[in-house]
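What's counted below: heavy atoms across the whole structure, side chains too, no hydrogens, waters or symmetry copies. Quick note on labels: first sequence line is chain A, next is B, and so on, each numbered from 1.
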Protein chains: 2
Amino acid sequence: MKNKNNADVALPSDLKVARDEFIGSWGAMGSAWGINRTMAQIHALLMVSARPLTTDEVMAELQISRGNANTNLRELVGWGLIRTLIVKGERKEYFEAEKDVWRIFCIVTRERKRREIEPILDMLGRMRDDSRSMKGGEAQEFHKMMKGLQDFVSLADNVMEKIARSEEGKVIPFVVKTFGK
Amino acid sequence: MKNKNNADVALPSDLKVARDEFIGSWGAMGSAWGINRTMAQIHALLMVSARPLTTDEVMAELQISRGNANTNLRELVGWGLIRTLIVKGERKEYFEAEKDVWRIFCIVTRERKRREIEPILDMLGRMRDDSRSMKGGEAQEFHKMMKGLQDFVSLADNVMEKIARSEEGKVIPFVVKTFGK
DNA sequence: CTGTATTTTCATTACTTAATGAAAGTATGA
DNA sequence: TCATACTTTCATTAAGTAATGAAAATACAG
């Protein structure tokens with residue numbers, strides 16, 4: 001019933017070991033970055049997989065439940081870090097990861113910008129406006145702080161946007177030139 | 001017994017409201033960034049406070065326990081985002097925040113680099129070496145992926161280091177020029 | 001349609017992380 | 001050195017987050 005085409009069949013064991021360590025570390029790092037562990041692990045697994053995998057293969061490989069696998073695969077699709085793939089003559093879906101490092105970087109940058117930078121920017125803008133007309137030394141201090149923060153975060157936001165829109169071939173050489181190697 | 005010099009005594013209420021919203025939002029954002037909520041709130045409170053505060057004032061203002069306040073104040077001191085201050089003739093410690101946005105940015109950048117980037121870089125380096133001599137197409141693919149990731153992350157690491165070491169007066173004008181405003 | 005393969009949902013459970021507050025520890029002034 | 005003000009610790013509790021897996025929903029082949 002369960003077919004035995006697991007991704008690691010016949011893999012030399014040292015490669016298997018290295019892969020597993022990569023998957024584990026990538027997952028651990030995920031949590032530090034506010035991305036959940038399983039999601040990062042699935043992403044890692046698909047990044048180093050030579051071929052697209054099914055939900056069942058992901059479950060087997062990472063030893064996780066169906067619900068967990070499904071939820072995190074959907075989430076990854078939502079981020080644009082993996083895509084679904086249908087094989088003609090088969091019912092089940094396959095998943096494959098974006099493997100281009102630059103593209104991964106752009107996707108993650110945009111997503112983090114959207115989720116983390118933009119809400120702060122809105123809040124800072126409001127605080128800055130609200131405090132503009134307040135009287136008193138404390139209020140002026142507060143206003144100054146909001147202005148300083150907003151200007152800075154806004155600049156960072158612009159930089160991220162510009163970079164994430166650029167082509168690798170333009171940015172990397174420039175960065176290497178500017179910041180040495 | 002409890003002295004009434006709370007930080008917000010006699011604050012116009014609209015300023016108080018704005019401050020509280022800032023503190024709340026900064027705290028919420030903290031969690032998205034892997035920094036705990038209370039730590040981010042204390043940091044925000046001290047950033048907008050006109051004068052240094054004591055542990056008891058922080059407790060009162062944020063409605064948190066002594067243990068919680070103490071732990072997170074220490075953590076912030078560890079990051080270098082706030083510093084302690086002793087007032088002659090008084091036993092208790094006061095805490096004051098670094099308020100310069102550029103310096104805050106540099107501190108946070110260095111800390112995140114140290115905690116999040118460097119361990120990954122080590123791991124990728126090891127994986128890259130381990131897989132260098134492995135045979136087979138899959139192993140070559142894996143090696144290539146590790147190389148691509150390590151080159152990229154290493155470049156990012158260098159850029160962060162260089163920027164965090166630079167002076168605001170050099171970086172900001174350059175960034176504004178390069179990435180438009 | 002109807003039966004089966006596959007995917008999705010979601011109430012429950014497990015795990016992880018943070019917060020509490022009393023007790024222990026430390027430092028200071030008299 | 002004693003009494004007191006203040007700080008730190010840490011076992012316990014609470015809150016938040018993720019994982020499970022069975023049941024429901026969906027899609028598809030015949």
Side-chain angles (χ1 to χ4, degrees), chain A residues 1-3 5 23-24 26-45 52-79 82-96 115, chain B residues 1-5 23-24 26-45 52-79 82-95 115:
Chain A
M1 180 220 181
K2 173 90 88 52
N3 102 20
N5 288 351
I23 291 167
W26 204 252
M29 189 212 51
S31 7
W33 279 75
I35 289 159
N36 95 33
R37 198 164 50 90
T38 305
M39 185 174 149
Q41 284 178 338
I42 295 177
H43 182 228
L45 170 62
L53 303 180
T54 63
T55 299
D56 285 275
E57 287 170 324
V58 171
M59 286 166 61
E61 192 73 30
L62 302 180
Q63 314 250 60
I64 59 175
S65 72
R66 184 169 302 283
N68 195 11
N70 182 265
T71 302
N72 286 290
L73 282 164
R74 290 303 137 204
E75 186 82 356
L76 281 164
V77 171
W79 275 62
I82 68 177
R83 50 186 154 269
T84 56
L85 188 56
I86 41 153
V87 176
K88 69 172 179 180
E90 292 208 52
R91 282 200 193 175
K92 55 182 169 296
E93 291 187 301
Y94 283 79
F95 297 91
E96 108 190 310
R115 296 180 183 213
Chain B
M1 181 223 178
K2 172 89 88 53
N3 100 21
K4 293 304 292 158
N5 287 353
I23 291 167
W26 203 253
M29 189 211 55
S31 8
W33 280 75
I35 289 160
N36 95 32
R37 200 165 49 89
T38 304
M39 186 173 146
Q41 284 179 339
I42 294 178
H43 183 228
L45 171 62
L53 302 180
T54 62
T55 300
D56 286 273
E57 287 171 324
V58 171
M59 287 166 60
E61 192 73 31
L62 302 179
Q63 314 252 55
I64 59 175
S65 71
R66 185 171 301 285
N68 196 10
N70 182 265
T71 303
N72 286 290
L73 282 165
R74 290 304 136 205
E75 187 81 358
L76 282 164
V77 170
W79 276 62
I82 67 176
R83 51 187 153 268
T84 57
L85 186 58
I86 41 153
V87 175
K88 72 174 177 177
E90 293 206 52
R91 283 196 192 179
K92 54 181 170 300
E93 289 187 303
Y94 283 78
F95 298 91
R115 297 181 181 210

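Atoms CD1 (B:Ile64) and P (D:dA15) sit 16 Å apart, rounded to a whole Å. The CG-P distance, from A:Leu62 to D:dA18, rounds to 17 Å in whole Å. Between B:Gln63 atom CD and D:dA15 atom P the separation is 15 Å, expressed in whole Å. B:Glu90 has its CD atom 11 Å from the P atom of D:dT7, to the nearest Å. Rounded to whole angstrom, the span from the CE atom of A:Met59 across to the P atom of D:dA19 amounts to 14 Å. For the pair A:Asp56 CG and C:dA5 P, the computed distance is 12 Å after rounding to whole Å. Following rounding to the nearest Å, B:Leu76 (CG) and D:dT7 (P) show an atom-to-atom distance of 16 Å. For the pair B:Asn72 CG and C:dA18 P, the interatomic distance rounds to 9 Å; values are reported in whole Å.
For B:Arg66, the salt bridge (Lys or Arg N to Asp or Glu O under 4.0 Å) criterion is met by B:Asp56, not counting sequence neighbours. For the salt bridge (Lys or Arg N to Asp or Glu O under 4.0 Å) test, no residue two or more places apart in sequence or in another chain qualifies with B:Glu75. Checked against salt bridge (Lys or Arg N to Asp or Glu O under 4.0 Å), A:Arg74 has the following partners two or more places apart in sequence or in another chain: A:Glu93.
Expressed to the nearest 0.5 Å, how far CG of B:Asn68 lies from OG1 of B:Thr38 amounts to 4.0 Å. For the atom pair CG (B:Asn72) and CG (B:Asn36), the distance works out to 4.5 Å, reported to the nearest 0.5 Å. With rounding to the nearest 0.5 angstrom, the CD1 atom of A:Ile64 is 4.5 Å from the CD1 atom of A:Ile42. Taken from NZ in A:Lys92 to CD1 in A:Ile86, the straight-line distance is 13.0 Å, to the nearest 0.5 Å. With values rounded to the nearest 0.5 angstrom, A:Met39 atom CE is found 4.5 Å from A:Leu76 atom CG.
Near DNA chain D, meaning a heavy atom under 4.0 Å away, the residues from residues 35-44 of chain A are A:Asn36, A:Thr38.
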Protein-nucleotides 8-13 of chain C N/O pairs closer than 3.5 Å?
from  : atom 1 : to      : atom 2 : distance (Å)
C:dT8 : OP1    : A:Arg74 : NE     : 3.4
C:dT8 : OP2    : A:Asn70 : ND2    : 2.5
C:dT8 : OP2    : A:Arg74 : NE     : 2.8
C:dT8 : OP2    : A:Arg74 : NH2    : 2.7

Restricting both atoms to N or O, compile the protein contacts to nucleotides 27-30 of chain D shorter than 3.5 Å, with distance only.
from   : atom 1 : to      : atom 2 : distance (Å)
D:dC28 : O2     : A:Arg91 : NH2    : 3.1
D:dA29 : O4'    : A:Arg91 : NH2    : 3.4

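Within the 3.5 Å criterion, the main-chain N or O of B:Thr54 finds a donor-acceptor partner in the side chain of B:Glu57.
At a threshold of 4.5 Å between non-hydrogen side-chain atoms, the residues A:Leu73 and A:Thr84 do not count as touching. In this structure, A:Trp26 and A:Leu45 have side chains that are not in contact, with every pair of non-hydrogen atoms separated by 4.5 Å or more.
Distance from the side chain of A:Lys92 is smallest for C:dT6 among the nucleotides D:dA19, C:dT6, C:dT20.
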